[in-house]
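Data block below; observations after.
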Amino acid sequence: MAIPVTTLLAAAAAQAGAAADPDAAALLDLLEWPAHAPAAIRADRAGLLRIGAACRRVFRLRAPDAPGLHCFGAELDLAAIAGEPGLAVLGTSGVGATPGAAFAACLGEAAEFAAQVETPALRAQRLGQEVALRRWPDGAPRGLPFDRCFRRAPDRVISTPSAPLSIGCAAAPTAAEAQLRAVLELVERDAVALWWVGGHPGRPLALEHATPAAACLAALREGATGRLAWLLDITADLGAPVVAAISFAGDGTGFCCGTAARPTLAAAAEAAVLELCQNELAQRVVERKAAERGEEGLNARDVAIRARHLRVTPDDDWLLHARGLPRQALVPGETAEARLAEVGRRIAEAGLELIFLEHAAPPEIPVWRAVCDGLACTPSTEAAPRLLSAIARTGGGPGHRHGLALHA
């Protein structure tokens with residue numbers, strides 16, 4: 001059942017200090033968002049609740065393979081934001097070990113999508129066909145085609161981006177956190193591309209890094225034993241931790257995978273486990289749609305999910321098993337600013353250029369885009385030189401040899 005818009009708005013007002021009506025109070029209790037939280041946290045949460053109110057609907061989901069997982073979904077009408085027809089209604093989702101974390105992830109993604117749309121105000125500014133970004137760390141100006149940064153009606157798109165606009169765009173409570181999350185997503189897709197398409201094998205994860213993720217998954221499964229899962233360290237040469245969490249049904253069918261990059265291997269593993277459970281849920285939804293509507297009732301993303309479900313096996317050919325020794329990988333620093341500086345330094349040492357764009361968004365929810373064209377990406381219609389080099393060395397990974405994308 002969808003959460004009423006009036007409840008979302010009343011809960012947002014309550015986070016700003018207003019009295020909460022019973023429905024708003026019940027929602028805040030469900031999210032475990034108390035009224036006595038610090039002002040900055042309450043402001044961020046109020047912004048997320050208002051984003052939710054701007055969605056067509058916000059609702060809860062249940063994950064049969066992970067009953068302990070909290071999951072929210074939302075639908076965002078991009079055409080309404082753009083003020084013109086042609087843009088789709090996009091679905092967003094978020095998962096977490098707590099209801100509040102799942103809700104924040106879902107509506108944070110909605111904030112990212114909303115910030116990427118060319119609004120009537122943007123059109124009125126007549127910005128031309130290029131967007132001004134800033135190079136990290138010196139702020140030197142850099143330009144990119146408008147369509148590399150914003151969504152607009154298909155009949156006005158001049159240059160189709162090679163990768164989805166959602167990649168490298170992140171929302172967070174602070175600008176530094178949003179920038180760090182955006183860069184880590186680029187690092188994650190680079191590592192995934194080098195593994196899945198480029199053929200770089202993953203390594204085992206040391207117990208000290210894997211144990212928290214294993215405990216997290218056990219808590220989410222709540223005793224469900226229908227699927228078997230393991231972790232793979234796919235960290236690339238930048239040294240920023242990237243982990244893949246992989247699962248199959250007990251008979252070796254129904255492949256599913258979640259990937260994540262974080263400052264530590266333990267954190268990356270936990271985040272990958274959460275994405276794994278989210279993707280298992282997506283697989284269940286596609287199976288139900290196929291049963292109800294037939295194959296012709298599936299969209300392109302559904303078809304891709306179903307292809308992975310049917311074709312990938314645990315055989316060595318799919319590069320899903322660890323090789324070599326565990327390693328240490330870390331992005332040091334106690335703050336988002338320090339970690340961003342470290343990742344940026346490593347990118348610069350690799351001879352690559354990192355640039356940023358601050359998207360217009362609600363004041364409480366900073367949304368930033370990171371771009372680093374030298375990194376590999378999946379999915380993408382272009383192959384970075386580092387990916388082509390990896391394919392030449394290894395003969396390519398399963399994504400290259402079987403033509404099957406890991407991400408839709």
How about [X] and [Y]: does a side-chain donor come under 3.5 Å of a side-chain acceptor?
X	Y	result
Q278	S93	yes
S389	R393	yes
R151	Q116	yes
T378	R189	no
H402	R311	no

Gap separating the [atom1] atom of [X] from the [atom2] atom of [Y], nearest 0.5 angstrom:
X	Y	atom1	atom2	answer
L281	N279	CG	CG	9.0 Å
I347	R345	CD1	CZ	11.0 Å
E118	F146	CD	CZ	4.0 Å

Open item on the list: Tell me whether R142 is salt-bridged to E353, with the criterion being a basic N under 4.0 Å from an acidic carboxylate O.
Closed with: yes

Open item on the list: Check this for me, if you would: do R346 and E342 make a salt bridge, where the nitrogen-to-carboxylate-oxygen distance has to be below 4.0 angstrom?
Closed with: yes

Considering all heavy atoms, the nearest [X]-[Y] contact:
X	Y	answer
F103	I3	CE1-CD1, 4.4 Å
L28	A14	CD1-CB, 3.9 Å
A370	L354	CB-CD1, 4.2 Å

- [ ] Would you mind listing every side-chain hydrogen bond (donor to acceptor under 3.5 Å, both in side chains) that reaches into residues 203-212, with sequence neighbours excluded?
- [x] H209-Q328

Task: V367 and F113, any side-chain heavy atoms less than 4.5 Å apart - done: no

Open item on the list: Using ring centroids (six-membered ring only for Trp), state whether F255 and W318 fall under 6.0 Å.
Closed with: no

Open item on the list: Can you confirm if the aromatic rings of W196 and H400 lie within a centre distance of less than 6.0 Å?
Closed with: no

